[in-house]
Amino acid sequence: MQPESVLSRLALVGRTPLAILPTPLLPAPSLAAALRADVHISIKADAWTGLGLGGNKVRKLEYELDPARLDGVTDLVTAGGPHSNHCRVTAAAAARLGLGCTLVINGEPGDAGRGNALLHRLLGARIATVADRAARGAAMAKEADRIAAAGGRALVVPVGASTPRGALGYVRAAAELREQIGNGDRASGPTKSAAARGLSPGPAQSRGAPVWIFTSSSSGGTLAGLIAGCALMDWGAQLIGVSPDDPARMVHGAATEIALAAAALLPHPPHGSHPGADELTRRIRNIAAATLVTDAFVGPGYGAPTRAAEEAIALFGARTGVILDPVYTGKAAAAMIAWVRERKVPPGAHVIFLHTGGHPALFR
Ligand SMILES: Cc1ncc(COP(=O)(O)O)c(C=O)c1O
């Protein structure tokens, strides 16, 4: 199945456009030269999805906030840590759509005037603070009740928008990426529609090359969408999820389950050659089994600095002009750099670094 067919199948699902798409695919030759001459590196710049300083949550919210689900809704309610990127983008989406927003935040930020904590407030969100993560679910339900008692209606967005519906945002990203690469491992040129839309045809040396995609992966929605997208296109890209916090086994399990559930949301169109439900499930299981998830770059814990992430941030800055964040993308890039250097990535590969955003963490 070609990327265009995935996009036309996705068009049967409700979506509220929020992101600036497609995000660019930036070649990074100077970074590649600094690491290994025999691989090609590109950055898929999802840090630049636009809304509320962008990042991966914008694509997820486009599907989570399906217009049919917003009917009669007055407020969005979600939860996260004091510097949650997801809370920032949800507050921005509420503001864009003319809705109220309540954020259930576990813990107090060190300084509420910095980083995402500042942005949550600048985006007009109401903040309800709870003691810890375990208290978030009940607090979100309580906030929804409070809104209903006042005559409104809340849509509760699960933490990280890592739902099957949210993952469809990364099914779309997988199709977009494959169009930009020009069908990568199929040894064919860029699709006509990619050229027509002015997307980069992808570097000639990457055509026919094995494609390795590195992404930060935590609650699993982003990786899940990539898995389901690759399954729909029968695309043999090697996916690597890099955990910033949880054990690899947990992240892998969550991504697999979400991918299966996301595929089940896609209606089967009457025309065209689309894999049936059983075939799609089989492909998702195969791709998930081949997907690698590592927790070797977490370091002392979530958000704690590591030497490898610091080096990755400095290298990306100096060699690509692209800024990474210390919590998610710095650690994911550290993994990519180590795997390239250690030759875990095969010669001739086209390595894609999916930049999922998170910049405000630099300023907290
Ligand atoms: C900047 C950034 N990158 C990556 C991730 C991980 O994405 P996912 O939760 O879909 O695994 C997050 C999620 O919190 C994030 O904020």
Side-chain angles (χ1 to χ4, degrees), residues 23 43-49 51-64 78-92 103 106 115-116 119-120 133 157-174 213-229 239-248 250-259 261-262 291 293-295 297-298 302-303 309 312-313 316 322-336 353-364:
T23 57
I43 301 169
K44 176 68 173 159
D46 271 18
W48 303 348
T49 48
L51 181 73
L53 294 186
N56 61 338
K57 307 304 176 191
V58 186
R59 285 190 194 264
K60 294 177 176 189
L61 284 177
E62 289 199 325
Y63 288 95
E64 192 59 27
T78 197
H83 284 286
S84 161
N85 293 311
H86 164 69
C87 285
R88 163 176 46 90
V89 175
T90 304
L103 301 175
N106 54 283
N116 276 322
L119 298 172
H120 295 163
R133 284 179 174 218
V157 180
V159 175
S162 274
T163 58
R165 202 177 294 277
L168 294 178
Y170 274 88
V171 171
R172 185 185 184 90
I213 305 172
F214 286 81
T215 181
S216 175
S217 184
S218 177
S219 52
T222 302
L223 186 59
L226 296 179
I227 291 172
L239 303 175
I240 303 100
V242 185
S243 172
D245 43 19
D246 289 331
M250 254 174 83
V251 174
H252 192 274
T256 306
E257 289 314 310
I258 299 170
T291 294
V293 178
T294 175
D295 53 17
F297 294 83
V298 176
Y302 175 73
I313 293 169
F316 265 65
V322 169
I323 306 290
L324 302 178
D325 86 289
V327 180
Y328 295 95
T329 56
K331 289 180 180 176
M336 186 202 81
F353 181 75
L354 175 60
H355 189 333
T356 49
H359 289 131
L362 286 165
F363 307 107
R364 66 194 224 188

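Model, not experiment: these values are computed from the prediction. Whatever order the structure lists ligands and atoms in, that order sets their numbers, starting from 1.
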Going by the order shown, which atoms of ligand 1 are within less than 4.0 Å of some heavy atom of [X]?
X: Lys60; value: 8 (P), 9 (O), 10 (O)
X: Gly358; value: 1 (C)
X: Gly221; value: 10 (O), 11 (O)
X: Ser162; value: 9 (O), 10 (O)
X: Thr222; value: 7 (O), 8 (P), 10 (O)

Look only at interatomic distance and state if Gly357 has a nitrogen or oxygen under 3.5 Å from any nitrogen or oxygen of ligand 1.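 No, since none of the N or O atoms of Gly357 sits under 3.5 Å from an N or O of ligand 1.
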Between the side chains of Ser162 and Lys60, does any donor sit under 3.5 Å from an acceptor?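 Note: Ser162 and Lys60 side chains meet the donor-acceptor criterion.
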What do you reckon, does Ser217 put a non-hydrogen atom under 4.0 Å from ligand 1?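 Contact present.
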In this structure, does ligand 1 have an atom that sits under 4.0 Å from one of the heavy atoms of Asn56?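 True for this residue.
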Which protein heavy atom lies closest to [atom], and at what distance to 0.1 Å?
atom: atom 16 (O) of ligand 1; answer: Asn85 ND2, 2.9 Å
atom: atom 13 (C) of ligand 1; answer: Lys57 NZ, 2.7 Å
atom: atom 2 (C) of ligand 1; answer: Tyr328 CG, 3.4 Å
atom: atom 9 (O) of ligand 1; answer: Ser219 OG, 2.5 Å
atom: atom 3 (N) of ligand 1; answer: Thr356 OG1, 2.6 Å
atom: atom 11 (O) of ligand 1; answer: Ser218 N, 2.7 Å

For the residue pair Thr329 and Gly357, what are the closest heavy atoms and their distance? CG2-O, 3.5 Å
Contact summary for Ser217 and Gly241, nearest pair of heavy atoms: CB-CA, 4.0 Å
Tell me if a side-chain donor or acceptor on [X] pairs with a main-chain N or O of [Y] at a distance below 3.5 Å.
X: Thr78; Y: Val157; answer: yes
X: Arg88; Y: Gly54; answer: yes
X: Ser84; Y: His86; answer: yes

Have a look at Leu239 and tell me which of Val293, Leu354, Leu226 forms a side chain to side chain contact (heavy atoms under 4.5 Å, CB included) with it. Leu226
Non-hydrogen side-chain atoms of Leu53 and His359 separated by less than 4.5 Å: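 No, every pair of side-chain atoms sits at 4.5 Å or beyond.
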Does a side-chain heavy-atom distance below 4.5 Å link Phe214 with Thr294? no
Taking 4.0 Å as the limit for heavy-atom contacts, which would you say applies to His86 with ligand 1: side chain only, backbone only, both, or neither? neither
